[in-house]
There are 2 protein chains.
Amino acid sequence: METFLDLARDRVPPKGNYNKRCAIIAAATAVFVRDGYMGASIDAIAEEAGVSRQTIYNQIGDKEKLFAEVVRGINEQSSAMLVETLATFPEHCGDLARDLVEFAIRLTRNCLCDANARALRKLIENEGTRYPELFEAWKDYGPGKNWPAISARFARLARAGDIEIDDPDLAARQFMALIGADLPNGPGERASEEQLQSAARNGVRTFLRAYGKRDAAIGL
Amino acid sequence: METFLDLARDRVPPKGNYNKRCAIIAAATAVFVRDGYMGASIDAIAEEAGVSRQTIYNQIGDKEKLFAEVVRGINEQSSAMLVETLATFPEHCGDLARDLVEFAIRLTRNCLCDANARALRKLIENEGTRYPELFEAWKDYGPGKNWPAISARFARLARAGDIEIDDPDLAARQFMALIGADLPNGPGERASEEQLQSAARNGVRTFLRAYGKRDAAIGL
DNA sequence: GACGAATTGGACAAGACTGTCCAAAAGTGA
DNA sequence: TCACTTTTGGACAGTCTTGTCCAATTCGTC
């Protein structure tokens, strides 16, 4: 049996109309996210894309290939966004608290609260038990690949003497948990800009109370 | 249209064989959790329960009623477990750090890592957009009802002078986030006892570094 | 305009699912 | 034993799904 990995790997250059192919994948993303793998019907995707059902079969193939393509698309996009955001991690500087809050806001807005990224997590979580290789691929390719980068940033900050950290990996996990603790996580809810700022401030304040230098005042 | 709330509210005393009714609901729980609402078929549930399909229609009714019954069951069970665990929140005592870690272990093991509770969250998250009243009912009846109780515990601890907290509600959310930050959250993964202890220790240590009294040594 | 490729709409078979109906069988209690 | 309730298995109609096939039409390009 061909696995999702295989299906996602052999990408031939698109044969037909490229715009239609993109429309199909975009529509499939929306419908898969909305209805789940089981609930999504090819007809609904075709209608959403403004395309005949047959075109979907011509361009992509069956439902599994379409799903793999959708997962790969969101994965690439949200992974790129993560590394891009990660590049703005504050260096040794004047006001660490302020910079960390700014970074936390970018991180939550661009990655944690991104509709597609959340949808991908949900899809993986749902179909992960049925298609284990899908979950494995996501774990390796998605956030799993970027966790070391995050903790390396914190380690560098610790070496520079801005914070006191024993285990940078643990600190990174707790940082992520803290800045996400105050975010609304309901199914349809989306955080407002004020909520984003407040959550980032609250999370960073507690993080710096725990890991900041004892003599440093946290001006938040 | 009858809502899920209505469906779940009017519980008539069971008409037929009570054991079979329980077997049906248990099997339905397993299959709904495994396959989701769309993927679960009545035939699969009947087979899992060792019962004829017709019996399900006799005892409970259609698929929506069955799903509502399953959700209500897990909800009651996990909510009871939560209040039971919450009752063991440490009072003013000698070794706060140790007691908080013990409490965190109980909380993660009994509530956060409980298979049924996690499955309920997943089900709600999936079908929540399709049946909003289902999500609202869960939010009010489930953890939402018990959040104030948690923060009240932290507020009492703060009044007793054991910790320094401005916003008990925020502290409670961050406590939960911290003790859950170090737990494996993959689809099929279940945390070992060692992981539970380690995660609780790490979370409580950071929590107390941020909120504990400045002069207190944290012996973890 | 003309040619080849892509797209479209519809028809189609095969299968799965829900929910109903019913007669036969099994269980239950007096 | 007898009457009553419940369960069972199967049949059934109706709907929805996927994936294929095909003729007609449109599109892109020369």
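Residue numbering restarts at 1 for every chain, and letters A, B, ... go by the order of the sequence lines. What you see below is based on every heavy atom in this structure, not just the backbone, and it leaves out hydrogens, waters and symmetry mates.
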*Roughly how many Å is it from CD1 in B:Ile24 to P in D:dT8, rounded to a whole number?*
8 Å
*Consider the side chain of B:Ser41, meaning its heavy atoms from C-beta on, and name the nucleotide among C:dC17, D:dT8, D:dT18 that approaches it most closely.*
C:dC17
_Whether B:Lys65 contacts C:dT18 is assessed here as follows: a side-chain N or O lying under 4.0 Å from the phosphate OP1 or OP2. Is that the case?_
no
*Any side-chain N or O of A:Thr55 under 4.0 Å from OP1/OP2 of C:dA6?*
no
*Which is true for B:Ala40 with a 4.0 Å heavy-atom rule: it touches a base, it touches only sugar-phosphate, or it touches nothing?*
sugar-phosphate
_Please report the distance, rounded to the nearest Å, between CZ in A:Arg21 and C1' in D:dC27._
19 Å
*Taking CG from B:Asp62 and P from C:dC21, how many angstroms apart are they, rounded to a whole number?*
14 Å
*Does A:Lys20 have a side-chain nitrogen or oxygen under 4.0 Å from the phosphate oxygens OP1 or OP2 of C:dT8?*
yes
*Would A:Asp114 and A:Arg118 pass as an ion pair if we require N to O under 4.0 Å?*
no
*Could you pick out which residue, A:Gln54 or A:Gly39, lies toward the 5' side of DNA chain D when each is mapped onto its nearest nucleotide?*
A:Gly39
*Round to a whole Å and report the spacing from CD1 of A:Ile60 to P of D:dT20.*
14 Å
*Does a side-chain N or O from A:Gln59 land closer than 4.0 Å to OP1 or OP2 of C:dA6, or not?*
no
*Can you tell me the distance, in whole Å, between the NZ atom of A:Lys63 and the P atom of D:dT17?*
9 Å
*Is B:Lys65 salt-bridged to B:Glu69, going by a charged N under 4.0 Å from an acidic O?*
no
*Can you tell which of D:dT7, C:dT18, C:dT7 lies closest to the side chain of B:Asn58?*
D:dT7
*Whole-Å gap separating P (C:dT18) and CG (B:Asp35)*: 11 Å
*Any Lys/Arg nitrogen of B:Arg153 or B:Glu91 sitting under 4.0 Å from an Asp/Glu carboxylate oxygen of the other?*
yes
_A:Asp43 CG to D:dT15 C1', straight-line distance once rounded to whole Å_ = 13 Å
*Within the side chain of B:Ser198, is there an N or O that forms a donor-acceptor pair under 3.5 Å with the backbone of B:Glu194?*
no
*How close or far is atom P of D:dC21 from atom CZ of A:Arg53, stated in whole angstroms?*
14 Å
_A:Phe89/A:Phe154 aromatic ring centres below 6.0 Å_ = yes
